[in-house]
Amino acid sequence: MQIAVGTAGQGRVALVDLDASDQPIATVSIAELPPAVRELESHRPRWVWGDTRDWYPSLLDAGIRVERCHDLRLCGAILGQSSTTEAARVAHPRPAWLPLGPSEPGGAVTPVEASVDRTPLFDFEEFDVLQAIGVEERTGEASDRVASADAAAVPVAAVAAEYRRQLEVVAQSTSPGALRLLLAAESVGALIGVELHAAGLPWDRAVHERVLETELGPKPKPGWKPAHMERLAAEVRAALEAPSVNLDSQVDLLRALRRAGIHVASTGRWELKEHEHPAIEPLLAYKKLARLLSANGWAWLDEWIADGRFRPDYVPGGTATGRWATAGGGALQLPKNVRSAVVADPGWKLVVADAAQLEPRVLAGLARDEAMAEAGRGKDFYRGIVDAGVVENREQAKYAILGAMYGATTGESGRLVPRLARAYPRAMALVDRAAADGERGAIVTSHLGRSSPLPSAEWREVQSRASQPEATSADERRARSVARDWGRFTRNFVVQGSAAEWALCWMAALRSRLAAIAATAVVDELARASGPAFERAPHLVYFLHDEIIVHTPAVLAEQVAEAVTEAARGAGKLLFGEFPVEFPLDLEVVDSYALAEG
DNA sequence: ACTCTATGCGCC
DNA sequence: AAAGGGCGCATAGAGT
């Protein structure tokens, strides 16, 4: 069952069963929508709507979770860019109301032909993707709260038409099975993004305040700097013999440093570290405290922590590679020194897990590089590379791998890359080809079909200027330089983008398993601050590229840990079938995030 | 008073 | 310690 959700005029919402007639099966007010959705959810439909952010928050407020959806905005963005839909898009152009995605060009551009020799993928058609991504879910108790959806005004007929267009584009793409999985995973991501915000990350304000007081000193009066910062600032000023230098001003500080005989080009930490001077140590300490104060100080606490929860706005699919972004709160940059404030509710636990060396493992699968996958058998991929005799020690293995994925050409990392290339030619050839495509201005595509943006008009202008007969050698140098920059981006894109797909599949599979656990469990201790949809079920509370946190009743923690591990295995199978690449996790059951530094 | 860019630094 | 892709955010300072 597939149900389109859209407006019907007069502030009403229409639900259309896409497998039946175009006549709405229900037309309701915004307030009546949650009970209508709850009723229909028992048929396990796929909800089709313009934007999950418009519809789902009010449902969660009413205690209703949905199992699956199709987010037309996110899926449209993928389809509008994917190299696998180029022909299909011409026959089925997007409607004007659908907003552009993060990586889509605004105007018409002519793509450069890529060397798309996509290795034969695992046969996605054999999989019932819908089955794999959604299992079972019945949570939420009755609630009479009035929903206040601020839904984008997309008429239900337009929603239905756009859904059919997208399905048609998928069907006519060169890789419909992979694309179907990607769109299903991206749409679950949309649901999870809203759910993470609704549930919130458990946050102990008192612990955070203790960290601030230990590091910075007592909370200062408005307009004053914390005592520890003032003390360090005085030390720096004395050592520099610059009594009035403003350490917060890059220009002012740079001038004072040079006057004191410290010849630096910037005031960055990495450069300062290289110099011997009594001012350096207190200056670096000052900078660290200044960062803590401005990024996660008392003001941040007041703005972002309420009811013992941190509720950032996640932006699924917010970056070109498909990695998520956040808007506000800096959820993806939580510094390690405040993670001690992430504390489970009484009677609850945190299951913290991250995928060990995700990107090189994904690369092994992408390239179907058996030798590289073999090195990844077991927990420590880098150790495996050493054991295979490719490099002498673990550090070298790490830098060689990073160099291969990011395009290092200089330094120790750059020197080690050729040894990696000899040992793992298939993996190396894949990233090298992605880089070469990028340098030519071609787009590259992730495992499931997300494509990179085209380089900017300015980039193309630089390249075409360098190819003119009257081009100077400076023009040519510049063109080569920006071409290589873009090549490093596309080299990394295929790995980072595919790793983001693995992470989405991991979370999607986990979400299903958690729902299944919740359906059979009786929960005594409620996490009330998590809201009606989550207070009695284990639920995701954090996501950071290759790491997740589940907040769970303590009695279910072991079951949840098992589910997290199984979901990782499942994600590997979804993406790479029987190809023997493993995705081991570092996983811990803890009371505080700070205790899970693995 | 507002917007914009550069810088620096936190995370993966 | 090495080298480099993706981000967001706070701040300073310049421009409007």
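Chain naming here is simple, since letters A, B, ... match the order of the sequence lines and numbering starts at 1 in each.
With rounding to whole Å, A:L247 atom CG is found 15 Å from C:dT11 atom P. The separation between A:I401 atom CD1 and C:dG4 atom C1' is 14 Å, rounded to whole Å. In this structure, A:F493 places its CZ atom 22 Å from P of B:dC12, rounding to the nearest Å. Rounded to whole Å, the distance from CG on A:L430 to P on C:dG5 is 18 Å. Between the P atom of C:dG6 and the CG atom of A:L544 lies a distance of 17 Å, rounded to the nearest Å. Per the geometry, CG belonging to A:D252 stands 7 Å off P belonging to C:dG13, to the nearest Å. Between the CD atom of A:Q496 and the P atom of B:dC11 there is a distance of 17 Å, given to the nearest Å. Rounded to whole Å, atom P of C:dA2 lies 7 Å from atom CD of A:E274.
With C:dA2, B:dC11, C:dG5 as the candidates, the nucleotide lying closest to the side chain of A:W270 is C:dA2. Distance from the side chain of A:R291 is smallest to B:dG8 among C:dC7, B:dG8, B:dC11. Distance from the side chain of A:D546 is smallest for B:dC12 among the nucleotides C:dG4, B:dG10, B:dC12. Closest to the side chain of A:S266, from the set C:dG4, B:dC11, B:dG8, is B:dG8. The side chain of A:Y406 lies closest to C:dG4 when the candidates are C:dG8, C:dG4, B:dC12. Nearest nucleotide to the A:R323 side chain, out of C:dG8, C:dG6, B:dC11: C:dG6.
If you check distances only, the side chain of A:Q333 does reach the base of C:dG8 with a donor-acceptor pair under 3.5 Å. With hydrogens and angles ignored, a donor-acceptor pair under 3.5 angstrom links the side chain of A:Y399 to the base of C:dA3. In the interface, the side chain of A:R269 is not paired with the base of B:dC9 through any donor and acceptor atom under 3.5 Å apart.
As judged by a 4.0 angstrom heavy-atom cut-off over every strand, A:G414 is placed among residues making no nucleic acid contact. No contact: A:A290 has no heavy atom under 4.0 Å from any strand. Among the heavy atoms of the strands lying under 4.0 Å from A:L334 are primed sugar atoms or P, OP1, OP2 only; no base atom is included. Within 4.0 Å of A:G268, counting heavy atoms only, lie sugar-phosphate atoms of the nucleic acid but no base atom. Among the heavy atoms of the strands, none lies under 4.0 Å from A:W486.
In this structure, A:R478 places its CZ atom where only 12 or fewer heavy-atom neighbours from other residues, nucleotides or ligands lie under 6.0 Å away.
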Test side-chain hydrogen bond (donor to acceptor under 3.5 Å, both in side chains) on A:D71 and A:T52; report intermediate values, then the result.
CA-CA 6 Å; A:D71 186 301; A:T52 304; 2.6 Å; yes
Run A:D248 and A:Y286 through side-chain hydrogen bond (donor to acceptor under 3.5 Å, both in side chains) and show every step you take.
CA-CA 10 Å; A:D248 301 324; A:Y286 177 90; 2.8 Å; yes
Take A:S451 and A:Q81, measure what side-chain hydrogen bond (donor to acceptor under 3.5 Å, both in side chains) needs, and give me the verdict at the end.
CA-CA 6 Å; A:S451 292; A:Q81 181 71 17; over 6 Å; no
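Take the nearest nucleotide of DNA chain C for A:E359 and for A:W304: the residue whose nucleotide is more 5' is A:E359. Between A:A331 and A:V251, the residue anchored closer to the 5' end of DNA chain C is A:A331, taking for each the nucleotide with the nearest heavy atom.
A salt bridge links A:D302 with A:R205; the closest basic N to acidic carboxylate O contact falls under 4.0 Å. With respect to A:D51 and A:R53, a salt bridge is recorded, a charged nitrogen being found less than 4.0 Å from a carboxylate O. Between A:R450 and A:E186, at least one side-chain nitrogen of the basic residue sits less than 4.0 Å from a carboxylate oxygen of the acidic one, meeting the salt-bridge criterion.
Contact check, A:K287 against B:dC9: a side-chain N or O comes under 4.0 Å of OP1 or OP2. Applying the 4.0 Å criterion to OP1 and OP2 of C:dG13, one finds that A:S249 has a side-chain N or O inside that range. Residue A:Q250 places at least one side-chain N or O closer than 4.0 Å to OP1 or OP2 of B:dG8. Residue A:R488 places at least one side-chain N or O closer than 4.0 Å to OP1 or OP2 of C:dG5. Look at A:S294 and you won't find any side-chain N or O under 4.0 angstrom from OP1 or OP2 of C:dC9.
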